[in-house]
Amino acid sequence: MKQYHILFVCLGNICRSPLAEAILRQLVDAKTTTSQCIVVDSAGLGEWHQGELADPRMRAHAARRGIVITHRARRITDKDFDLFDLIIAMDDSVYQKLQELAPTLGQQKKVIRMADYLEGMPWDHIPDPYYGGASGFELVLDLLSEGCKNLYHRCLRYTGSA
Ligand code: 4NP
């Protein structure tokens, strides 16, 4: 069975992208067919938090909604552009940087924006919650729950698991 690899990318890989990874994985793992063919991971542009668990605030807010984040931060590499089929940027600056980092034109085309999946929500990016308060983390949870649900349904169609 062909596997479909999805990588979420943010700046530090300790707030937004590990949350998106955990939410999508929860959806994917709930169904045997998708758990066998959809692989999810996350990475950051920076390496300041390399090897760390997600920000404790992000983990606490996620846990209240039943989402467990176990990812350890890592920086995106050239190999990721080869390995992953879809590389999902949390905001425009991450999107632009990924376009610059992509080794080939074909790999540039794998990069898309998370906001493309926010159907009906008035947000064109996932705002960085790192320097803000609790409401920022709750907003990220709202946006990524909706976005990952829509992304999951598109994956079902792509992988023929619908
Ligand atoms: P993230 O949030 O990109 O959603 O993981 C951030 C985490 C850390 C930093 C910036 C954003 N930082 O500057 O350390």
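If you're wondering where the values come from, they're calculated on a predicted model, not measured in any experiment. Counting convention: from 1, in listed order, for ligands and their atoms alike.
- The shortest N or O to N or O distance between I14 and ligand 1 is under 3.5 Å.
- Tracing side-chain contacts under 4.5 Å through hydrophobic residues (I, L, V, M, F, W, Y), one reaches I112 starting from M114; they form part of the same cluster.
- A single hydrophobic cluster is seen to contain both L143 and F137, as judged by linkage of ILVMFWY side chains at heavy-atom distances under 4.5 Å, directly or through other members.
- Clustering of Ile, Leu, Val, Met, Phe, Trp and Tyr by side-chain heavy atoms under 4.5 Å joins V94 with L7, V9, L11, L45, W48, I76, F81, L83, F84, I87, Y95, L98, L101, V111.
- Of all atoms in ligand 1, numbered sequentially from 1 with element shown, those under 4.0 Å from a heavy atom of N13 are 5 (O).
- Remark: ligand 1 atoms within the under-4.0 Å shell around heavy atoms of C10 are 1 (P), 3 (O), 4 (O), 5 (O).
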task = Evaluate salt bridge (Lys or Arg N to Asp or Glu O under 4.0 Å) for E138 paired with R65, printing each intermediate quantity in order.
result = CA-CA 10 Å; E138 286 298 310; R65 298 197 198 189; 2.7 Å; yes
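- Under the side-chain hydrogen bond (donor to acceptor under 3.5 Å, both in side chains) test applied with N13, the options R74, R72, H49, H71 reduce to a single match, H71.
- Ranking the protein heavy atoms by distance from atom 9 (C) of ligand 1 puts Y130 CD2, 3.6 Å first.
- A search for salt bridge (charged side-chain N to carboxylate O under 4.0 Å, His left out) contacts involving D78 returns nothing, not counting sequence neighbours.
- Below 4.0 Å from some heavy atom of H49 lie the following atoms of ligand 1, by number and element: 8 (C), 12 (N), 14 (O).
- Under 4.0 Å from ligand 1, not a single heavy atom of D55 appears.
- Both I67 and I6 sit in one connected hydrophobic cluster of ILVMFWY residues. Membership requires side-chain heavy atoms under 4.5 Å apart, directly or through other members.
- Contact annotation for M90 and ligand 1: no heavy atom of the residue comes within less than 4.0 Å of the ligand.
- For the 3.5 Å distance criterion, the side chains of D92 and Q96 fail to qualify, holding no donor opposite an acceptor.
- Residue Y131 touches ligand 1 through its side chain alone, judged by heavy-atom distances below 4.0 Å.
- Contacts between L11 and ligand 1, counted as non-hydrogen atom pairs separated by less than 4.0 Å, involve both the backbone and the side chain.
- Of the protein's non-hydrogen atoms, the one nearest atom 4 (O) of ligand 1 is R16 NE, 2.8 Å.
- Near C15, the atoms of ligand 1 lying under 4.0 angstrom from a non-hydrogen atom of the residue are 1 (P), 2 (O), 4 (O), 5 (O).
- Note: an N/O pair closer than 3.5 Å links D128 and ligand 1 by distance alone.
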